[in-house]
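The structure appears right after this line, and notes come after that.
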Amino acid sequence: MKKILVLGSGGQIGSELTMRLRSVYGGANVVAADIKLPLIDDIMQSGPVEQCDATNAAQIAEIVKKHNIDAIYNLVAILSATAEKNPMLGWNIGMGALLNCLEVARENKCAIFTPSSIGAFGASTPLDGTPQDTIQRPNTIYGVTKVAGELLGDYYFTRFGVDARSVRFPGLISNVTLPGGGTTDYAVEIYYAAVKGEKFSCPLKKGTLLDMMYMPDALDAAINIMEADPSKLIHRNSFNVTAMHFDPEEIYAEIRKHKPDFVMEYQLDDMRQKIADSWPNWMDDTCAREEWGFKPKFNLQNMTVDMLDILSKKFGK
Ligand code: SER
């Protein structure tokens with residue numbers, strides 16, 4: 001039976017991935033860890049929890065040994081817009097946690113998953129149908145950490161045999177934990193505003209296309225890539241994965257089909273706009289589909305129904 005450590009269990013991905021992993025592998029086999037405790041009740045009550053500063057390798061190693069961990073999900077990162085305000089923090093947290101995890105994985109023979117991102121691309125990348133293997137010259141510190149992380153993952157695999165795998169997540173849309181300071185966050189916040197009956201100020205301009213994915217598909221991707229038959233993997237760090245792409249007008253129109261009174265206005269955030277303009281309009285994820293069967297279930301239509309339904313219940317609307 002696999003024993004898994006999730007670092008960053010309190011974050012946007014971690015809070016949901018921990019619960020999904022526990023439902024697949026059993027609560028006792030998935031250790032939730034974060035720098036800040038307590039975590040949400042569901043996590044606290046369904047399996048082991050540890051406090052861990054991922055920039056401290058000794059702390060990770062101690063937990064890995066104590067629980068006999070054989071796979072690490074490293075979800076520790078500062079998202080793009082926040083990292084841009086404090087680049088050293090973005091680098092230190094992103095790279096610190098990753099290098100520590102890779103070293104602990106090497107010493108303890110663990111597999112390791114670390115998400116990369118659409119942020120690993122930049123303005124000189126072909127932005128329509130972005131290929132799996134292409135130019136990666138991002139101009140954000142977040143992107144720099146993601147490219148370096150991809151390279152390190154492949155390096156640890158070829159040099160030391162560490163089973164490092166990764167996907168390039170697009171903007172992730174979820175309803176449990178809010179993302180913290182990303183460029184794609186608007187596509188989450190817009191649903192909260194619609195359900196609460198508030199006007200929404202969109203930080204990105206009309207026509208800004210970005211790849212997106214609903215969290216249930218992202219959780220499947222994170223689990224399925226780690227379960228994939230290694231002999232079928234031509235790539236490892238990191239696979240393009242996407243489920244949909246839209247601009248602010250399209251998501252607004254989709255929400256208005258269900259909430260006709262909902263109003264969105266534009267209040268541009270120059271930094272986020274600049275970042276979004278340098279990211280793919282849509283990625284080609286054929287390699288993920290062919291090498292390990294990636295197949296998302298949600299598009300803009302059924303995701304919108306689900307988001308509005310779940311958030312309406314959450315806020316009693
Ligand atoms: N969602 C992330 C961000 O916007 C991209 O991976 O920073």
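Counting convention: from 1, in listed order, for ligands and their atoms alike. Note that the numbering runs from 1 along the sequence shown for the chain. It should be emphasised that the depicted structure is a prediction, and the values quoted were computed from it without experimental measurement.
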Per-pair distances, 0.1 Å, donor-acceptor, side chain in residues 37-49, under 3.5 Å, sequence neighbours excluded:
residue, atom, partner, partner atom, Å
Ser46, OG, Arg22, NH1, 2.8
Ser46, OG, Asp42, O, 2.7

Output a table of donor-acceptor pairs, distance under 3.5 Å, between side-chain atoms of residues 109-116 and any protein atom two or more places apart or on a different chain; print 'none' if there are none.
residue, atom, partner, partner atom, Å
Thr114, OG1, Asn74, ND2, 3.4
Ser116, OG, Glu150, OE2, 2.6

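Judged by distance alone, with hydrogens and angles left aside, the side-chain atoms of Thr134 form no donor-acceptor pair with the main-chain N or O of Thr125 at under 3.5 Å.
Legend: salt bridge (Lys or Arg N to Asp or Glu O under 4.0 Å) pairs involving residues 193-214, not counting sequence neighbours, sorted by first then second residue: Lys199-Glu265.
Note on Arg168 versus Asp285: no salt bridge recorded, every NZ/NE/NH1/NH2 to OD/OE distance being 4.0 Å or above.
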* To do: For ring-ring contact (aromatic ring centres under 6.0 Å, His included), just list the numbers for Phe200 and Tyr192, CA-CA rounded to whole Å, side-chain angles, deciding distance to a tenth of an Å, and then say yes or no.
  => CA-CA 9 Å; Phe200 180 66; Tyr192 280 74; over 10 Å; no
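Closer than 4.0 angstrom to ligand 1 sit non-hydrogen atoms from Leu79, Ser80, Ser117, Tyr142, Gly182, Thr183, Thr184, Trp279.
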